[in-house]
Amino acid sequence: MIRWSQTLLNTLREAPQDAEIVSHMLMIRAGMMRKLGGGLYTYLPLGMRALRKIEAIVREEMERAGAQETLFPILQPAELWKQTGRWETMGPGMFRVQDRKEAWYVLAPTAEEAFTALAKSEISSYRQLPRTIFQMQDKFRDEIRPRFGLIRGKEFIMKDAYSFDADDAGADKSYRAMYDAYVRIFARVGLAAKPVEADTGDIGGNFSHEFMVFAASGEDGILDCPACGYAANQERAERAPAPVPYQTEAGAAETVATPGQHTCEEVACFLGRPIDQIVKSLVLLVGGKPVMALVPGDRELSETKLRRLFGGAKVEEAAPETVAQVAGPVGSIGPVGVSIPVYADRSLQGAADVVVGANREGAHLLHVCLARDAKVAAYEDLATVRAGDLCPKCGKPLEIRRGTEVGQCFKLGTKYSAAMGASFLDEQGASKPLVMGCYGIGVSRTLQAIVEQSNDENGIIWPAAVAPCQVALLILDPDVPEVVAKAEALGAALEARGIDVFVDDRAERPGVKFKDADLIGLPIRVVAGAKGLAKGGFEIRRRTERDSAIVAPEQAAQAISDLLATTQK
RNA sequence: CGGAGCGUAGCGCAGCCUGGUAGCGCAUCUGCUUUGGGAGCAGAGUGUCGGGGGUUCAAAUCCCCCCGCUCCGACCA
């Protein structure tokens with residue numbers, strides 16, 4: 001039994017000034033956590049209890065899926081990270097520190113290197129495969145912009161698991177086991193998380209799913225097919241091919257003056273043509289070399305897709321000077337006559353009457369036929385998919401939703417094992433690199449995502465499985481001995497049934513206790529007051545209900561137990 | 001890293017333009033009254049005004065530098 005009078009817990013009437021989203025505001029107001037610095041949060045006793053419950057569920061499901069828990073150092077030698085090149089590629093995203101001998105270390109932002117190093121030293125035979133190991137550990141990332149409380153912090157708690165297999169088929173099985181465990185974990189913590197196809201980002205590898213929680217405040221766009229269930233991160237979502245417009249040639253290309261018109265919208269408007277007839281030309285540096293990308297004027301280029309096309313090379317926007325050098329002034333460039341490689345979105349294949357920049361200030365070209373007038377190296381999927389585009393799986397229109405990522409699975413292949421020489425001997429005695437997968441859950445982020453998804457105007461509504469306690473017991477008359485005695489007896493009876501009880505035993509007015517109970521949001525509220533007891537017993541209700549039931553003291557423990565069993569999640 | 005804003009009591013903020021006694025609400029403490037949805041009255045405590053430098057008889061206020069935080073953008077699990 002936890003007593004408020006003995007707990008470090010203060011609720012706030014006013015929202016903190018820096019809380020942008022409801023879950024952040026509620027976590028602070030309800031006294032679950034406090035900010036120590038930008039992107040750095042302290043878990044207070046109540047928040048800590050919820051966190052521990054999530055961790056316990058994650059552990060259980062990991063072990064059920066055959067994974068074994070370990071614990072790696074957070075502080076890791078730079079050499080480890082240099083072996084895979086991530087000392088450079090993750091670069092400023094990592095916290096790096098030096099010891100007194102000026103040797104460099106990394107505060108681990110993830111742990112592929114360390115786990116691979118362990119596998120290298122411990123696994124030498126196919127007889128030891130497969131293995132999946134995990135840890136629940138603080139991670140550090142020097143986020144450019146920490147925000148939304150626990151959603152994006154500089155320090156956070158992550159469960160990271162790594163699988164090691166002898167071959168691809170085995171790796172697929174390990175991946176599937178983790179994927180299934182993730183589905184169970186998010187269901188158990190009361191979170192509606194949907195697996196979506198995702199990009200592999202800095203982690204690398206060739207295949208990935210993100211587990212996304214839909215929320216208006218989400219930082220990612222997700223294309224979702226209500227018809228067949230296809231879902232993918234906007235960075236990499238595909239669409240079914242649509243008929244390519246403007247396939248009929250309309251004569252030779254012709255220069256037209258477009259003074260001061262730079263964006264596709266301006267040019268379309270100025271020329272009185274539909275915007276999708278304008279072709280957007282962009283110069284990017286791919287692995288340091290300039291490349292031109294073409295997408296329809298009403299579309300955005302997906303830099304992620306371009307990066308995938310080039311095997312994960314770094315893609316960045318070219319500086320205006322570079323653009324001017326290889327094509328023309330920004331806002332007036334086009335593919336005609338340029339000598340850098342040109343890649344066009346698939347939807348432009350066959351386009352025979354479009355408008356492009358003339359590579360001269362204030363001029364565009366009409367009636368351009370890409371096949372005739374430009375040298376296009378390849379037509380690839382480069383444009384960002386948007387709502388209304390057709391599902392690549394079933395052809396029905398896609399919807400777009402916002403989401404927050406709470407977990408991600410990656411098929412890594414041999415990226416890390418090959419780089420670090422983590423190999424084993426197969427049945428024939430041949431040395432092969434381990435085939436790996438890695439699997440992360442943002443545990444602290446999950447905590448806040450639950451609150452983001454489950455609240456009302458009065459406060460948090462904790463799912464029973466992760467609530468700091470299952471029952472809030474409000475003693476309205478702490479100076480009436482009979483009320484206190486009955487409440488204490490009920491608390492003890494509940495504890496005996498394994499139900500966590502949080503007792504509000506403060507000398508506060510009833511209204512304050514009701515407000516705070518709603519704010520903190522435990523699943524069941526039990527009121528012990530002189531008035532209620534005079535009417536026959538305790539007043540019991542779910543956090544989500546308006547009306548209470550009066551239950552006689554001797555039946556109360558059973559009634560609460562029953563109510564909990566039927567409370568959703 | 002580019003743009004913008006903010007930094008004054010534990011929290012939320014006013015005061016700054018036009019230099020001169022540091023204030024309000026919430027919270028905290030004391031007393032009385034109250035007591036079923038964030039009580040009322042009376043009283044009390046609480047500040048390196050983010051830091052440093054400058055101007056001035058005098059700086060929270062004006063000027064310069066630095067630091068921190070937040071938002072938008074770019075970027076990113």
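Quick note: numbers below take in every heavy atom, side chains included, and nothing from hydrogens, waters or symmetry partners. Proteins come first, then strands; the chains are lettered A, B, ... in the order of their sequence lines, and each starts at number 1.
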**Request:** Would you mind telling me which residue lines up with the more 5' stretch of RNA chain B, Pro146(A) or Met158(A), judged by nearest nucleotide?
**Result:** Pro146(A)

**Asked** Any stacking of Phe156(A) on A77(B), going by centres under 5.5 angstrom and planes within less than 30 degrees?
**Response** yes

**Message:** Among residues at least two apart in sequence or on other chains, which ones pass side chain to side chain donor-acceptor pair (under 3.5 Å) with Asp516(A)?
**Reply:** Thr11(A), Arg506(A)

**Item:** P-based separation of U8(B) from U55(B) [nearest Å]
**Value:** 27 Å

**Message:** Under a 3.5 Å cut-off for both contacts, is G73(B) paired Watson-Crick or G-U wobble with anything, and if yes, with which nucleotide?
**Reply:** C1(B)

**Prompt:** Partners of Lys154(A) by salt bridge (charged side-chain N to carboxylate O under 4.0 Å, His left out), sequence neighbours excluded?
**Reply:** none

**Prompt:** Can you name the side-chain contact (heavy atoms from CB on, under 4.5 Å) partners of Leu71(A), sequence neighbours left out?
**Reply:** Gln135(A), Gln137(A)

**Asked** Do any pairs count as a side chain to side chain donor-acceptor pair (under 3.5 Å) and have a residue in residues 434-443 of chain A, sequence neighbours left out, and if so which ones?
**Response** Ser163(A)-Tyr439(A)

**Message:** When both hydrogen-bonding distances must be under 3.5 Å and the geometry is Watson-Crick or G-U wobble, what is U46(B) paired with, if anything?
**Reply:** none

**Prompt:** Which one, C71(B), G38(B), A77(B), comes nearest to the side chain of Arg147(A)?
**Reply:** C71(B)

**Item:** G31(B) to G47(B) separation - P atoms, rounded to the nearest Å
**Value:** 23 Å

Restricting to nitrogen or oxygen on both sides, can you table the protein-nucleotides 28-37 of chain B pairs closer than 3.5 Å?
unit_1	atom_1	unit_2	atom_2	d
U34(B)	O2	Arg509(A)	NH1	2.6
G36(B)	O6	Lys531(A)	N	3.0
G36(B)	O6	Gly532(A)	N	2.6
G36(B)	N1	Glu539(A)	OE1	2.9
G36(B)	N1	Glu539(A)	OE2	2.8
G36(B)	N2	Glu539(A)	OE1	2.0
G36(B)	N2	Glu539(A)	OE2	3.4
G37(B)	O6	Arg525(A)	NH1	2.7
G37(B)	O6	Arg525(A)	NH2	3.4
G37(B)	O6	Arg541(A)	NH1	3.1
G37(B)	O6	Arg541(A)	NH2	3.3
G37(B)	N1	Asp518(A)	OD2	3.0
G37(B)	N2	Asp518(A)	OD2	2.3

**Complete:** Using Watson-Crick geometry (N1-N3 plus N6-O4 or O6-N4) or G-U wobble (N1-O2, O6-N3), each under 3.5 Å, A39(B) is paired with U33(B)

**Asked** Taking only residues two or more places apart in sequence or in another chain, which ones pass salt bridge (charged side-chain N to carboxylate O under 4.0 Å, His left out) with Arg386(A)?
**Response** Asp298(A)

**Request:** Please measure how far the P atom in C57(B) lies from the corresponding atom in G15(B), and state the result in whole Å.
**Result:** 29 Å

**Request:** State whether a side-chain donor-acceptor pair under 3.5 Å links Thr384(A) with Glu300(A).
**Result:** no

**Request:** Could you list the residues that satisfy side-chain contact (heavy atoms from CB on, under 4.5 Å) with Glu69(A), not counting sequence neighbours?
**Result:** Arg59(A), Glu63(A), Phe134(A), Met136(A)

**Asked** Watson-Crick or G-U wobble partner for U18(B), using a 3.5 Å limit on both distances?
**Response** none

**Message:** Once side-chain contact (heavy atoms from CB on, under 4.5 Å) is applied, do any residues pair with Asp456(A), and if so which ones, sequence neighbours excluded?
**Reply:** Asn458(A), Ile461(A), Arg543(A)

**Request:** Give none if G25(B) has no partner; otherwise give the nucleotide forming a Watson-Crick or G-U wobble pair with it, both distances under 3.5 Å.
**Result:** C11(B)

When you compare the protein's N or O atoms with those of nucleotides 44-46 of chain B, which come within less than 3.5 Å of each other, and at what distance?
none

Taking only nitrogen or oxygen atoms into account, show me every contact under 3.5 Å that the protein makes with nucleotides 24-26 of chain B, one pair per line with its distance.
unit_1	atom_1	unit_2	atom_2	d
G25(B)	N2	Glu14(A)	OE1	3.1

Hey, can you pull the donor-acceptor pairs under 3.5 Å for the side chains in residues 467-481 of chain A, sequence neighbours left out?
unit_1	atom_1	unit_2	atom_2	d
Gln470(A)	OE1	Asp500(A)	N	3.0
Asp477(A)	OD2	Ala530(A)	N	2.7

**Request:** Name the nucleic acid region contacted by Lys35(A), choosing base, sugar-phosphate or nothing; use a 4.0 angstrom heavy-atom cut-off, strictly under.
**Result:** sugar-phosphate

**Prompt:** By side-chain contact (heavy atoms from CB on, under 4.5 Å), which residues pair with Ala318(A), not counting sequence neighbours?
**Reply:** Val283(A), Leu285(A), Thr322(A), Val323(A)

